[in-house]
Novice: 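Next up is a structure, given as structure tokens.
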Amino acid sequence: MKHVLEKSIESVLIRKKKSMSVVFKLCLGVLALSGAISALGTELISPPPPFVESKTQKTVAGSAEITFTNGEFLAGQHTMNFPASPAPFLSWKGQKQLDFYFRVVSGTKWIPAFSKFKTEIIPESKTIIGRSSFLVDMADKDGPKGMYVQKARLADDKHIEMEFSYKCPDDSAGKFKYFAPALTMPRTMCAGKNFKIDGKLLTIPDETKWLSTLEGKPVIGVGTGTKVKKLEFSPGNPEGFTLELPTPIPVISIRMNNKTLLIYFKSRLFASSEGALKMVMSFDNCAQQ
């Protein structure tokens with residue numbers, strides 16, 4: 001009897017060992033399958049595509065957005081300034097790039113270019129206004145005075161509308177001769193640059209040819225009386241800007257002296273005792289950083 005019982009117990013133990021072995025093998029199989037699935041899943045996950053850039057490009061071609069802050073118009077690294085003094089100017093990276101050199105001729109003398117203004121900033125309309133009085137006759141220090149007004153407004157985020165106007169008293173209008181507008185650029189900011197005038201591409205002499213050009217005809221590609229509607233400086237480059245004139249104005253010449261490029265508009269068009277010159281500035285033709 002004892003022998004039979006031992007055999008039965010031995011048989012049960014053998015069956016348990018076999019059962020445990022099967023379970024153990026099944027567990028190993030499940031683990032192996034799980035690992036394979038996991039490895040397969042890892043291979044199916046795509047890496048980040050190499051054509052997606054995480055950083056914004058530093059240079060963007062096209063229009064630069066303009067903002068109006070504390071009386072200044074900011075566009076990229078350009079600033080259009082209308083200070084109380086001196087005359088309005090455009091700067092690039094903190095360096096003066098373009099001057100608005102406007103004056104009147106009255107009586108028997110040239111009146112110095114306007115350079116001192118009483119300014120008014122109107123934040124609601126993104127506008128700045130500067131006013132400067134002038135003697136109608138410089139020989140008569142106590143005589144009647146005219147008024148010069150410069151006004152700039154941010155028309156939208158891409159355009160600055162500018163108006164430069166003057167008016168003499170009616171009783172002294174006969175002494176007024178004309179309003180003389182001109183633009184100037186420092187040689188250091190424009191030498192060797194391209195310049196488009198109504199689509200005609202010109203090249204300003206570089207530093208090595210600047211003085212030798214002065215020895216000949218100091219006129220760059222524009223004949224006297226050429227009507228101009230659009231001026232584009234250094235198109236396609238970060239320092240570029242555009243000036244458009246709603247009414248085309250004849251340019252007398254584009255000349256150079258030792259340090260400056262000068263653009264003279266035909267002042268005889270402003271021979272009445274009251275008038276205005278309008279311009280629109282933008283940065284549509286440049287690549288902004």
Side-chain angles (χ1 to χ4, degrees), residues 80-83 85-92 95-107 109-117 130 132 134 138 146-152 160-168 176-191 193 195-198 200 202 204-205 210 213-214 217-234 241-272 274-281:
M80 183 62 215
N81 305 268
F82 287 85
S85 181
F89 64 93
L90 176 69
S91 63
W92 161 249
Q95 300 294 314
K96 187 177 289 188
Q97 186 181 32
L98 178 72
D99 264 313
F100 291 75
Y101 191 76
F102 296 167
R103 60 168 68 193
V104 295
V105 179
S106 198
K109 297 181 179 181
W110 282 82
I111 294 174
F114 297 110
S115 61
K116 294 182 179 180
F117 307 91
S132 183
F134 61 91
M138 287 290 288
M147 180 60 66
Y148 170 78
V149 179
Q150 57 188 27
K151 180 180 179 181
I160 306 168
E161 291 182 348
M162 301 179 288
E163 181 180 82
F164 307 91
S165 63
Y166 63 92
K167 180 176 173 55
C168 292
F176 182 81
K177 289 188 177 180
Y178 50 84
F179 172 59
L183 303 173
T184 68
M185 298 186 73
R187 182 180 74 183
T188 54
M189 297 297 285
C190 65
K193 303 292 185 181
F195 204 5
K196 268 189 180 180
I197 298 180
D198 289 340
K200 181 181 180 181
L202 308 171
I204 301 170
W210 190 278
T213 303
L214 287 174
K217 293 182 178 180
V219 179
I220 304 175
V222 178
T224 300
T226 301
K227 286 189 175 182
V228 172
K229 183 174 177 62
K230 189 174 185 179
L231 297 167
E232 299 173 80
F233 175 74
S234 196
F241 63 85
T242 299
L243 280 177
E244 294 188 70
L245 288 75
T247 301
I249 303 295
V251 169
I252 296 176
S253 65
I254 299 179
R255 294 179 175 271
M256 298 175 293
N257 60 27
N258 286 342
K259 297 181 179 180
T260 310
L261 177 77
L262 305 102
I263 303 172
Y264 291 107
F265 294 99
K266 192 172 183 179
S267 55
R268 299 294 180 181
L269 288 177
F270 304 96
S272 63
E274 180 179 359
L277 171 62
K278 295 181 179 181
M279 295 181 175
V280 178
M281 176 173 279

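When a residue number appears, it is its place in the shown sequence, counting from 1.
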Novice: A quick test of your reading: do over 12 heavy atoms of other residues, nucleotides or ligands sit less than 6.0 Å from CZ of Phe89?
Specialist: yes
Novice: Using atom types as modelled and distance alone, determine if a side-chain donor or acceptor of Asn81 lies under 3.5 Å from a backbone N or O of Pro88.
Specialist: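 No.
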Novice: Spell out, as yes or no, whether a donor-acceptor pair under 3.5 Å connects the side chain of Ser85 to the backbone of Ser115.
Specialist: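 Answer holds: yes.
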Novice: Quick check: do Pro186 and Gln95 have side-chain heavy atoms less than 4.5 Å from each other?
Specialist: no
Novice: What distance separates Gln150 CD from Ser165 OG, expressed to the nearest 0.5 Å?
Specialist: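 Answer for the CD-OG pair, Gln150 versus Ser165, is 9.5 Å.
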Novice: Could you give the distance from NZ (Lys227) to CZ (Phe265), rounded to the nearest 0.5 Å?
Specialist: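 Answer for the NZ-CZ pair, Lys227 versus Phe265, is 14.0 Å.
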Novice: I need the minimum non-hydrogen distance between Lys229 and Pro246, along with the two atoms involved.
Specialist: NZ-O, 3.2 Å
Novice: Could you tell me which non-hydrogen atom of Leu277 sits nearest to which non-hydrogen atom of Pro181, and how far apart they are?
Specialist: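 Leu277 and Pro181 have their closest heavy atoms at CD2-CB, 3.7 Å.
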Novice: Under the 3.5 angstrom rule, does the side chain of Tyr101 hit a backbone N or O of Leu262 as a donor-acceptor pair?
Specialist: no
Novice: Specify the closest pair of heavy atoms between Phe134 and Lys167, including all atoms of both residues, with the distance to one decimal.
Specialist: CZ-O, 4.2 Å
Novice: Quick check for you: to the nearest 0.5 Å, what is the distance between Phe176 atom CZ and Glu274 atom CD?
Specialist: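 Here the interatomic distance stands at 10.5 Å.
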Novice: Could you tell me which non-hydrogen atom of Asn258 sits nearest to which non-hydrogen atom of Arg187, and how far apart they are?
Specialist: O-NH1, 2.9 Å
Novice: Do Leu98 and Phe100 have side chains that approach each other closer than 4.5 Å (heavy atoms only, starting at C-beta)?
Specialist: yes
Novice: Could you give me the CA-CA distance, side-chain angles and deciding distance for Lys278 and Thr247, then say whether side-chain contact (heavy atoms from CB on, under 4.5 Å) is met?
Specialist: CA-CA 8 Å; Lys278 295 181 179 181; Thr247 301; over 6 Å; no
Novice: Return the minimal non-hydrogen interatomic distance between Ile254 and Val251, and the atom names on each side.
Specialist: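 Residues Ile254 and Val251, closest heavy atoms: CG1-CG1, 4.3 Å.
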Novice: Go through it in stages, so that I can follow the logic: the residues are Leu90 and Met189, the test is side-chain contact (heavy atoms from CB on, under 4.5 Å), and I'd like the CA-CA distance, side-chain angles, deciding distance and then a yes or no.
Specialist: CA-CA 11 Å; Leu90 176 69; Met189 297 297 285; over 6 Å; no
Novice: Would Phe164 and Phe179 count as a close aromatic pair, with their ring centres under 6.0 Å?
Specialist: no
Novice: Within a strict 4.5 Å, meaning less than it, do heavy atoms of the Ser91 and Gln97 side chains meet?
Specialist: no
Novice: Could you go step by step and tell me if Phe102 and Phe114 meet the ring-ring contact (aromatic ring centres under 6.0 Å, His included) rule?
Specialist: CA-CA 6 Å; Phe102 296 167; Phe114 297 110; 8.5 Å; no
Novice: Would you check if Met80 and Phe241 make a side-chain contact, meaning some heavy-atom pair closer than 4.5 Å?
Specialist: no
Novice: Between Leu183 and Leu243, is a side-chain contact (heavy atoms from CB on, under 4.5 Å) present by the stated rule, with each step listed?
Specialist: CA-CA 11 Å; Leu183 303 173; Leu243 280 177; 3.7 Å; yes
Novice: Begin with the C-alpha distance, continue with both residues' side-chain angles, and end with the deciding distance and a verdict on side-chain contact (heavy atoms from CB on, under 4.5 Å) for Val105 and Phe270.
Specialist: CA-CA 10 Å; Val105 179; Phe270 304 96; over 6 Å; no
Novice: In Å, rounded to the nearest 0.5 Å, how long is the span from CZ of Phe233 to CD1 of Ile197?
Specialist: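 Interatomic distance, Phe233 CZ to Ile197 CD1, rounded to 0.5 Å: 12.0 Å.
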Novice: What are the two closest heavy atoms between Lys96 and Pro86, and how far apart are they?
Specialist: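 Taking Lys96 first and Pro86 second, the nearest heavy atoms are NZ-CG, 4.4 Å.
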Novice: Rounded at 0.5 Å granularity, tell me how far CE in Met185 sits from OG1 in Thr260.
Specialist: 10.5 Å
Novice: Quick check: does any side chain N or O of Ser132 sit under 3.5 Å from a backbone N or O of Tyr148, one acting as donor and the other as acceptor?
Specialist: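 It does not hold such a pair.
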Novice: Within this structure, what is the CD-CE distance for the pair Glu244 and Met162, rounded to the nearest 0.5 Å?
Specialist: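 The distance works out to 11.0 Å.
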